[in-house]
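These notes concern the structure reproduced below.
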Amino acid sequence: QVPLVESGGGSVQGGGSLRLSCAGSGGAFSARVMGWFRQAPGKDREGVAGVYIGDGDTYYVDSAKGRFTISLDNAKNTLYLQINSLKPEDTAMYYCAAGGSSILPLAYRVKHLSGWDYWGQGTQVTVSS
């Protein structure tokens, strides 16, 4: 059983919106934090946003503030990433991840891709100009 499965990606025109989903199961959704990451062609994977499962506090990297919204539906064991005003530079494979307890703060874990125990297979987002 795959712990995390992303969906919702696709090909959209610039200015459009997408909502990515990440369905969790088993150990992945007994995690303490969850996050979204992305990897553009030829580039390293980078953090986008994270959320504490317990209290819902969120963190966004600077480039994600304003257009990206991370949210969690605990009843459905699903993590979301709403992306508005999509730009061609948002083209990437988007991954979700889940992590357990750690002394590392969420911001550090997102920015440095550290402390994540489960990763999904990714969902592709392609934005045309």
Side-chain angles (χ1 to χ4, degrees):
Q1 190 178 20
V2 179
L4 296 170
V5 179
E6 302 94 336
S7 63
S11 295
V12 297
Q13 281 197 320
S17 298
L18 281 174
R19 189 176 78 158
L20 309 183
S21 299
C22 171
S25 62
F29 242 83
S30 60
R32 294 293 184 267
V33 294
M34 295 196 74
W36 283 102
F37 302 80
R38 67 183 184 181
Q39 187 166 17
K43 295 189 176 181
D44 293 335
R45 191 174 298 190
E46 62 178 4
V48 176
V51 59
Y52 284 106
I53 293 176
D55 61 13
D57 275 356
T58 58
Y59 168 78
Y60 296 89
V61 299
D62 287 344
S63 60
K65 292 176 182 175
R67 296 191 299 117
F68 292 72
T69 303
I70 189 171
S71 61
L72 192 61
D73 186 333
N74 282 315
K76 296 181 178 179
N77 282 1
T78 301
L79 178 74
Y80 301 100
L81 184 70
Q82 177 73 37
I83 315 173
N84 297 326
S85 301
L86 278 157
K87 304 175 181 180
E89 50 263 44
D90 294 321
T91 294
M93 186 72 80
Y94 284 73
Y95 301 88
C96 67
S101 297
S102 174
I103 61 172
L104 299 175
L106 180 62
Y108 185 93
R109 294 168 87 161
V110 172
K111 286 193 289 187
H112 297 282
L113 282 70
S114 180
W116 302 95
D117 303 309
Y118 299 95
W119 289 86
Q121 296 299 306
T123 186
Q124 178 68 39
V125 172
T126 302
V127 185
S128 58
S129 56

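In this chain, residues are counted from 1 in sequence order.
For residues 109-122, there are no salt bridge (Lys or Arg N to Asp or Glu O under 4.0 Å) pairs, not counting sequence neighbours. For residues 7-17, there are no salt bridge (Lys or Arg N to Asp or Glu O under 4.0 Å) pairs, not counting sequence neighbours. Legend: salt bridge (Lys or Arg N to Asp or Glu O under 4.0 Å) pairs involving residues 56-65, not counting sequence neighbours, sorted by first then second residue: Asp62-Lys65. The salt bridge (Lys or Arg N to Asp or Glu O under 4.0 Å) pairs that include a residue from residues 90-105 are Arg38-Asp90, Arg67-Asp90, where partners are two or more places apart or lie in different chains.
For the pair Val51/Met34, a side-chain contact is recorded, criterion being any heavy-atom separation below 4.5 Å from C-beta on. At a threshold of 4.5 Å between non-hydrogen side-chain atoms, the residues Glu46 and Val61 do not count as touching. Gln121 places none of its side-chain heavy atoms less than 4.5 Å from the side chain of Leu4.
The main-chain N or O of Ile70 is found under 3.5 Å from a side-chain atom of Tyr60 such that the two form a donor-acceptor pair. The main-chain N or O of Trp36 is never found under 3.5 Å from a side-chain atom of Tyr94 such that the two would form a donor-acceptor pair. Remark: side-chain polar atoms of Glu6 are not paired, donor with acceptor, to backbone N or O of Leu20 under 3.5 angstrom. Distance alone, capped at 3.5 Å, places no donor-acceptor pair between the Thr78 side chain and the Ala23 backbone.
Ring to ring, Phe37 and Trp116 are close: their centroids are under 6.0 angstrom apart.
With values rounded to the nearest 0.5 angstrom, Cys22 atom SG is found 12.5 Å from Asp73 atom CG. Residue Gln13 holds its CD atom at 13.0 Å from OG1 of Thr126, rounded to the nearest 0.5 Å.
For Ser17 against Asn84, the heavy-atom pair with the smallest separation is OG-OD1, 3.1 Å. Across every non-hydrogen atom of Val48 and Leu81, the tightest pair is CG1-CD2, 4.4 Å. Taking all atoms of both residues into account, the shortest heavy-atom contact from Ala98 to Ala31 is CB-CB, 3.8 Å.
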Stepwise, does the side-chain contact (heavy atoms from CB on, under 4.5 Å) test hold for Thr91 with Gln124?
-> CA-CA 8 Å; Thr91 294; Gln124 178 68 39; 4.1 Å; yes

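Evaluation of the salt bridge (charged side-chain N to carboxylate O under 4.0 Å, His left out) rule for Lys43 yields no partner, not counting sequence neighbours.
Hydrophobic cluster of Tyr108: the remaining members, joined at side-chain heavy-atom separations below 4.5 Å, are Leu104, listed by chain and number.
For the pair Arg19 and Tyr80, the cation sits on the ring face: its NZ or CZ lies under 6.0 Å from the ring centre, inside 45° of the axis.
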